[in-house]
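Note sheet for the following structure.
This structure is a prediction, so every number in the text was calculated from the model and none was measured.
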Amino acid sequence: MPLLPGAEPFRRDGGEVGVLVCHGFTGSPQSLRPWAEHLADRGLTVSLPLLPGHGTRWQDLQITTWQDWYAEVDRELRALTERCSQVFVCGLSMGGALALRLAAKHGAAVSGVVVVNPANKVHDAAAPLLPVLRHLVRTTKGVSNDIAKPGAEELAYTRVPLHAAYSLRRFFQQVDSELPAVTQPLLVMTSPQDHIVPPVDSERILARVSSTDVRQTLLERSYHVAPLDHDAEKIFEDTFAFISRLAPQAGADAVDAAPEGTAASGGA
């Protein structure tokens with residue numbers, strides 16, 4: 001199936017510091033492209049892949065599993081580690097869970113983790129019925145466009161295939177069991193007003209990881225898809241500041257990438 005306009009993956013080569021950005025369930029790279037471009041514009045090598053089954057039609061997601069989604073970001077991480085001296089992983093929602101699993105499985109190959117409204121559990125009351133329900137009902141209503149900013153839109157499916165939702169639930173259970181293996185520096189950005197992933201998911205992640213360098217930022221003006229919302233610039237700047245603190249070469253790359261006569265900006 002042809003890709004939906006805007007759903008294309010994003011990749012740009014830059015300096016020695018790499019960043020892998022992971023989008024969420026039923027979404028596409030479109031929701032994170034401004035985040036990825038901000039980092040790439042500062043001289044980082046950035047990869048924002050399209051997950052299998054996404055960016056086309058919901059029927060294509062129906063025949064994929066969490067193993068397919070994870071395999072894609074795992075391949076991208078391995079490619080970045082061959083190209084870069086340090087690599088960071090970022091993600092929104094389910095993409096945050098993917099990033100955390102990459103950190104748990106790859107250890108020192110991941111220098112740090114940044115997650116925005118990371119998902120840890122399927123909270124729908126019908127979730128325990130998914131093993132059976134998925135054989136009786138094909139889809140349910142989509143979970144997209146939770147954005148406070150007027151005019152901002154997320155490119156995502158309007159239907160959720162229940163076979164994929166069942167696999168998503170199993171994935172969250174898998175990642176939850178692996179969180180103690182996450183030891184890298186961690187930045188968690190959480191929207192108190194999130195109508196898709198409640199803040200309790202961020203709190204559980206923070207409680208279960210073994211990281212000692214941990215920071216949390218509240219996105220007071222944004223809903224779930226915060227990288228397209230009012231706090232987008234804060235996310236972008238805080239991410240670059242986090243990376244620059246842990247990888248000083250990122251700051252040097254940013255200066256090199258800035259147009260002549262300008263200064264590259266970072267976050268406080």
> Going through the checks in order, is the side-chain contact (heavy atoms from CB on, under 4.5 Å) test met by Tyr70 and Gln174?
Replying inline: CA-CA 12 Å; Tyr70 179 75; Gln174 178 71 30; over 6 Å; no
> Do Arg57 and Asp60 meet the salt-bridge criterion of a basic N to acidic O distance under 4.0 Å?
Replying inline: yes
Non-hydrogen atoms of [X] and [Y] that approach each other most closely:
X      : Y      : answer
Gln30  : Leu228 : NE2-CD1, 4.0 Å
Ala226 : Val116 : CB-CG1, 3.9 Å
Pro9   : Pro29  : CA-CG, 4.0 Å
Val21  : Pro49  : O-CD, 3.3 Å
Gly27  : His23  : O-CE1, 3.5 Å
Leu48  : Ala36  : CD2-CB, 3.9 Å

Distance-only polar pair, side chains of [X] and [Y], donor-acceptor under 3.5 Å:
X      : Y      : answer
Trp35  : Thr239 : yes
Glu203 : Gln216 : yes
His106 : Asp74  : yes

> side-chain hydrogen bond (donor to acceptor under 3.5 Å, both in side chains) with Ser111: which residues, sequence neighbours excluded?
Replying inline: Gln86
> Is the count of non-hydrogen atoms from other residues, nucleotides or ligands lying under 6.0 Å from Arg170 atom CZ greater than 12?
Replying inline: no
Are [X] and [Y] joined in one hydrophobic group, where the rule is that I, L, V, M, F, W and Y side chains link up if heavy atoms are under 4.5 Å apart?
X      : Y      : value
Tyr223 : Leu92  : no
Leu168 : Val225 : no
Leu206 : Leu218 : no
Phe171 : Ile205 : yes
Phe10  : Phe240 : yes

Where the side chain of [X] meets the backbone of [Y], is there a donor-acceptor pair that is under 3.5 Å apart?
X      : Y      : value
Asp229 : Asp231 : no
Asn145 : Glu154 : yes
Arg208 : Asp176 : yes
Glu153 : Ile147 : no
Gln249 : Glu16  : no
Thr45  : Gly14  : yes
Gln184 : Ala108 : no
Thr190 : Pro199 : no

> When you look at Glu8 and Arg33, which way does the side-chain contact (heavy atoms from CB on, under 4.5 Å) test go after all the steps?
Replying inline: CA-CA 9 Å; Glu8 301 85 6; Arg33 188 175 301 272; 4.0 Å; yes
Heavy-atom distance under 4.5 Å between the side chains of [X] and [Y], does that happen here?
X      : Y      : result
Arg169 : Gln173 : yes
Glu220 : Pro192 : yes
Gln59  : Pro161 : no
Leu100 : Asn120 : no
Pro118 : Val197 : no
Val160 : Thr139 : no
Thr64  : Glu72  : no
Thr65  : Tyr166 : no

Rounded at 0.5 Å granularity, tell me how far [atom1] in [X] sits from [atom2] in [Y].
X      : Y      : atom1 : atom2 : value
Leu44  : Asp13  : CG    : CG    : 12.0 Å
Trp66  : Leu51  : CH2   : CG    : 13.5 Å
Asp146 : His224 : CG    : NE2   : 7.0 Å
Ile243 : Phe88  : CD1   : CZ    : 5.5 Å
His38  : Ile235 : NE2   : CD1   : 11.0 Å
Glu76  : Leu98  : CD    : CG    : 12.5 Å

>> For the residue pair Arg215 and Phe242, would you count it as a cation-pi contact if the rule is NZ or CZ under 6.0 angstrom from the ring centre and within 45 degrees of the ring axis?
In response: no
> When the ring planes of His54 and Tyr157 are compared, do they come out parallel, tilted or perpendicular, using 30° and 60° as the limits?
Replying inline: parallel
> Can you list the steps and then say if Leu186 with Val115 is a side-chain contact (heavy atoms from CB on, under 4.5 Å)?
Replying inline: CA-CA 8 Å; Leu186 173 64; Val115 290; 4.3 Å; yes
> Step by step, would you call Asn117 with Ser93 a side-chain contact (heavy atoms from CB on, under 4.5 Å)?
Replying inline: CA-CA 5 Å; Asn117 295 323; Ser93 195; 5.7 Å; no
> With sequence neighbours excluded, what pairs up with Thr217 under the side-chain contact (heavy atoms from CB on, under 4.5 Å) test?
Replying inline: Leu187, Met189, Leu219, Lys234, Asp238
